[in-house]
Trainee: 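For reference, the structure I am asking about is given below.
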Amino acid sequence: MENITQQAPVKQVDNLKKVKMTPIRMAGMLFCLTAAGAFGIEDMIPLSGPGFTLVMLIIFAVVWAYPISQIVSELSAIMPAEGGIYIWVKEALGEFWGFCTSWWGIMNCYLGLSVYIVLITDYASKFVPALQDPVIRFIAQLLIVVVFVALNLKGLTDVSWVNTIFSALILIAFALVTIVGLTHWTYNPMVPFTPEGQSWVDSLGGSICIVIWMYCGYESISNMGGEIKNPEVIPKGFRLAMPIIALSYILPTLAGIVSIGSWDEWATDGIGYGDVLGECLGYGWGVGFLVVAILSQMAIFNAYIASGSRAFFVIADDHLAPKFLAKTSAKSGLPVLSILLLAIMVVIMMNFTFTTLMIVTAPLMLIIYVTLSLSLLVIRRKYPVEERDCWYIKGSKVKIYLYGCLPMIITVIALLVNGTEYFLLGFVSIGSAVLFYIAFKWLYGGLTKDNPERYPINPKTRLAKGDITRFGVYILAFGLYAIVGSFFLAWYEGSWGPEYYADLYGTGALIGNFWLMIKVARVGGIIATIISFIMIAIGKRFDPPARGLFEVRPGDVPGK
């Protein structure tokens, strides 16, 4: 049987430093990319109720986190390459869709990574009052960035070792919370199941994006796939990390609720996991746990510098971003310039509020799972598992389609119930991918530059053949989604939305006017749908795709 990696080679970036990872160190990286503690769940409890929160943590570990980890494991095994998710979507759906997926991930990281720096100083300011001074706070944040950028410039081996140590300390701290909390069991964790007068649908809307956020990040490990000598370690790492991540969420949350109660006062800036130790063992233990909270945010920040810096690096190597971002250091074999650019963006974005960053990045965080799931289904058809000798998801076709469809269905629901302002402004952040694709394609040539036969260009548009049709399909999908979503949100939030958004954002802002947001989404969706049909008609007549709408054709050999 011929090795599938010989049938489907992927383009490897030259000069990258290769490292061999153990399953334990890989599990440590995955834990830090995805979890690094249960911090954030505190906000779910008063929004959705203690019982509903615990049920959500259990259900989403099964229907969301596990399928995504399996998808990432299979695609990492068959196509182990730097910038994995971009490579997978590009191979499955083509250059345009690959760029869009990569762009969404890059923007989510570049705009949102600074959140962890803000959280580090927020936690530290509770026992270091000097950090409340803006100047001292900025200096401290800058120092943290410098330290972890320096660590990343030493390579993945050092990054993984530090994160393994951090992971062990975090798990020990949350294990202690679990033991202490359960031995001081006082309250019923399922009462109330949801807040009084609130339906389960309302509770779902309050918690779904938080629980998804808690179980996100599995795909980020793929950005470093080309630097891992033994890619088979990724499925092994997932087998270790997945149950640890789920239990590190469920058990401490259960222990906290049953030991100190006051479920309606839980929050990231209110009652939290540290209070379990503080109330049951003494103040000093609570302070010690606060130190662990700081280490948790450091671990996530450290891991995402490694992951995020590699994303731009790979599309630049494919002539879809400035070429200097694809350079590696001759001495270290690392993408030094990409790492430094990410650090500069973090320093800039530290000045924005958490709410502002989340409004922009939450839709980006979710949408990439749609193309990721589609890629699994397409690659399964192009490269049957019978011809492989690498790891893949075992089971029937029904199971594979279930794994592929569940993340897409959950993403659609989450984008709808996350809030009208997230829904509306998400079209801006998601739509930015098309504008930058056009600009970078014109400036740098894209895949056509290396392989004009496989990726032919339309000389009139200077874009890939069929891109006008693809743009039309892209706009049509989001136009119809805007129309359907506007009617759903009018029903879902219409009774309380106007007052809520006016109080939260003020009546002078677009996002403070609920019915204006609904109108913009509805009218914008209708206009986008009309434009999309025109573009599809023009594309079919004057710019037909050279190889199909998604550039997929059986027998293609990527990288040749």
Trainee: Under 3.5 Å, is there a donor-acceptor pair linking the side chains of Thr101 and Thr371?
Mentor: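 Judged by distance alone, the side chains do pair up.
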Trainee: Answer with yes or no after comparing the ring centroid distance for Phe471 and Phe96 against a 6.0 Å cut-off, counting only values under it.
Mentor: yes
Trainee: Closer than 3.5 angstrom, by distance alone: can the side chain of Ser102 be matched with the main-chain N or O of Phe99 as a donor-acceptor pair?
Mentor: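 A pair under 3.5 Å: no.
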Trainee: Identify the heavy atoms of Leu463 and Ile457 that sit nearest to each other, and give their distance.
Mentor: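 Shortest heavy-atom separation between Leu463 and Ile457 comes out as O-CG1, 3.0 Å.
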Trainee: Run the salt-bridge test on Lys465 and Glu95 with the 4.0 Å N-O cut-off and return the result as yes or no.
Mentor: no
Trainee: For Leu377 and Gly404, work out which heavy atoms get closest and say how close.
Mentor: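 Answer, listing the atom of Leu377 first, then Gly404: CD2-CA, 4.3 Å.
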Trainee: What distance do Asn108 atom CG and Ile368 atom CD1 have between them, rounded to the nearest 0.5 Å?
Mentor: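 Going from the CG atom of Asn108 to the CD1 atom of Ile368 covers 6.5 Å.
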Trainee: Applying ring pair (Phe, Tyr, Trp, His ring centres under 6.0 Å) to Tyr481 and Phe423, what does each step give before you reach the verdict?
Mentor: CA-CA 10 Å; Tyr481 189 65; Phe423 174 79; 5.6 Å; yes
Trainee: Mind checking whether Ile536 and Val473 have side chains closer than 4.5 Å, heavy atoms only?
Mentor: yes
Trainee: Side-chain contact, heavy-atom cut-off 4.5 Å: Met26 with Leu30?
Mentor: yes
Trainee: For Gly98, does its backbone N or O pair with a side-chain atom of Glu91 as donor and acceptor, under 3.5 Å?
Mentor: no
Trainee: CG/Asp43 to CD1/Ile210 distance, rounded to the nearest 0.5 angstrom?
Mentor: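 These two atoms lie 5.5 Å from each other.
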Trainee: Parallel, tilted or perpendicular, judged at 30° and 60°: which one describes the rings of Trp496 and Tyr492?
Mentor: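 Rings of Trp496 and Tyr492: perpendicular, over 60°.
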Trainee: Are side-chain heavy atoms of Ser199 and Thr194 found at a separation under 4.5 Å?
Mentor: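 Ser199 does not reach Thr194 side chain to side chain.
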Trainee: Once rounded to the nearest 0.5 Å, what's the spacing between atom CG of Asn418 and atom OG1 of Thr411?
Mentor: 11.5 Å
Trainee: May I ask you to decide if the ring planes of Tyr501 and Phe514 are parallel, tilted or perpendicular, using 30° and 60° as cut-offs?
Mentor: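 Judged by the thresholds at 30° and 60°, the geometry between Tyr501 and Phe514 is parallel.
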Trainee: Counting heavy atoms not belonging to Lys540, are there more than 12 under 6.0 Å from its NZ?
Mentor: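 Not more than 12 within 6.0 Å, no.
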Trainee: Any donor and acceptor pair, going by atom type alone, linking the side chain of Tyr474 with main-chain N or O of Val434 inside 3.5 Å?
Mentor: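 Checked: no pair found.
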Trainee: Apply side-chain contact (heavy atoms from CB on, under 4.5 Å) to residues Tyr383 and Met79 and explain how you reach the verdict.
Mentor: CA-CA 11 Å; Tyr383 303 113; Met79 294 180 184; 3.9 Å; yes
Trainee: Can you see which heavy atom on Trp391 is nearest to which on Arg239, and at what distance?
Mentor: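 Taking every non-hydrogen atom into account, NE1-NH1, 3.8 Å.
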Trainee: Are side-chain heavy atoms of Thr529 and Leu476 found at a separation under 4.5 Å?
Mentor: yes
Trainee: Against the six-membered ring of Tyr392, is Lys394 placed for a cation-pi contact (under 6.0 Å from the centre, within 45° of the normal)?
Mentor: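 Geometry flag: set, cation within 6.0 Å and 45°.
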Trainee: Side chains of Trp104 and Leu366, heavy atoms from C-beta outward: is any pair under 4.5 Å?
Mentor: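 Trp104 does not reach Leu366 side chain to side chain.
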Trainee: Any non-hydrogen side-chain atom of Ser207 less than 4.5 Å from a side-chain atom of Leu47?
Mentor: no
Trainee: Main chain of Trp200, side chain of Ser203: is a donor-acceptor contact present, judged purely on distance under 3.5 Å?
Mentor: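 Looks like no, no N/O pair under 3.5 Å.
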Trainee: Would you find more than 12 non-hydrogen atoms of other residues, nucleotides or ligands less than 6.0 Å from Ile24 atom CD1?
Mentor: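 Not more than 12 within 6.0 Å, no.
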Trainee: Measuring from atom NZ of Lys90 to atom CG of Leu447, what distance do you get when rounded to the nearest 0.5 angstrom?
Mentor: 5.0 Å
Trainee: What's the separation between atom OG1 in Thr53 and atom CE in Met190, rounded to the nearest 0.5 Å?
Mentor: 9.5 Å
Trainee: For Phe193, is the CZ atom crowded, meaning more than 12 foreign heavy atoms sit under 6.0 Å from it?
Mentor: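 For Phe193, atom CZ is crowded (more than 12 foreign heavy atoms under 6.0 Å).
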Trainee: Are the side chains of Leu54 and Pro50 in contact, using a 4.5 Å heavy-atom criterion?
Mentor: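 Result no, sub-4.5 Å side-chain heavy-atom pair not found.
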Trainee: Kindly indicate, with the supporting measurements, whether the criterion side-chain contact (heavy atoms from CB on, under 4.5 Å) is fulfilled by Ile511 and Leu424.
Mentor: CA-CA 9 Å; Ile511 56 177; Leu424 184 62; 5.6 Å; no
Trainee: Closest approach of Ala528 and Ile475, non-hydrogen atoms and distance?
Mentor: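 So the two residues come closest at O-CG2, 3.3 Å.
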Trainee: Ignoring hydrogens and geometry, is there a side-chain-to-backbone donor-acceptor pair from Ser48 to Phe52 under 3.5 Å?
Mentor: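 Not a single qualifying donor-acceptor pair exists.
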Trainee: If I compare all heavy atoms of Leu416 with all of Leu489, which pair ends up nearest, and what's the gap?
Mentor: O-CD2, 3.0 Å
Trainee: Does Trp103 reach the main-chain N or O of Tyr437 with its side chain, forming a donor-acceptor pair under 3.5 Å?
Mentor: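 The answer is no, because no donor-acceptor pair under 3.5 Å joins these two groups.
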Trainee: Set out, in order, the CA-CA distance, both residues' side-chain angles and the distance that settles side-chain contact (heavy atoms from CB on, under 4.5 Å) for Asp318 and Tyr86, then state yes or no.
Mentor: CA-CA 11 Å; Asp318 270 351; Tyr86 161 69; 2.7 Å; yes
Trainee: Give, for atom CZ of Arg381 and atom NZ of Lys397, the distance between the pair rounded to the nearest 0.5 Å.
Mentor: 9.0 Å
Trainee: Taking the basic N atoms (NZ, or NE/NH1/NH2) and the acidic carboxylate oxygens, is any pair closer than 4.0 Å for Lys441 and Asp467?
Mentor: no
Trainee: Please report the shortest heavy-atom distance between Met535 and Gly472, naming the atom on each side.
Mentor: CB-CA, 4.0 Å
Trainee: Can you check whether Ser76 reaches Trp88 side chain to side chain, under 4.5 Å on heavy atoms?
Mentor: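 Of all side-chain heavy-atom pairs linking Trp88 with Ser76, at least one is under 4.5 Å.
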Trainee: Scan side-chain atoms only and decide if Tyr403 and Glu74 contain a donor-acceptor pair under the 3.5 Å cut-off.
Mentor: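 Looking only at side-chain atoms, Glu74 and Tyr403 do not form any donor-acceptor pair under 3.5 Å.
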Trainee: For the CZ atom on Phe533, are there more than 12 heavy atoms of other groups (residues, nucleotides or ligands in this structure) within a distance under 6.0 Å?
Mentor: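 Open: at most 12 neighbouring heavy atoms sit under 6.0 Å from CZ of Phe533.
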Trainee: Checking Tyr369 against Cys216 for the side-chain contact (heavy atoms from CB on, under 4.5 Å) test, could you report, in this order, the C-alpha distance in whole Å, the side-chain angles of both residues, the deciding distance, and whether it holds?
Mentor: CA-CA 10 Å; Tyr369 293 108; Cys216 269; 3.4 Å; yes
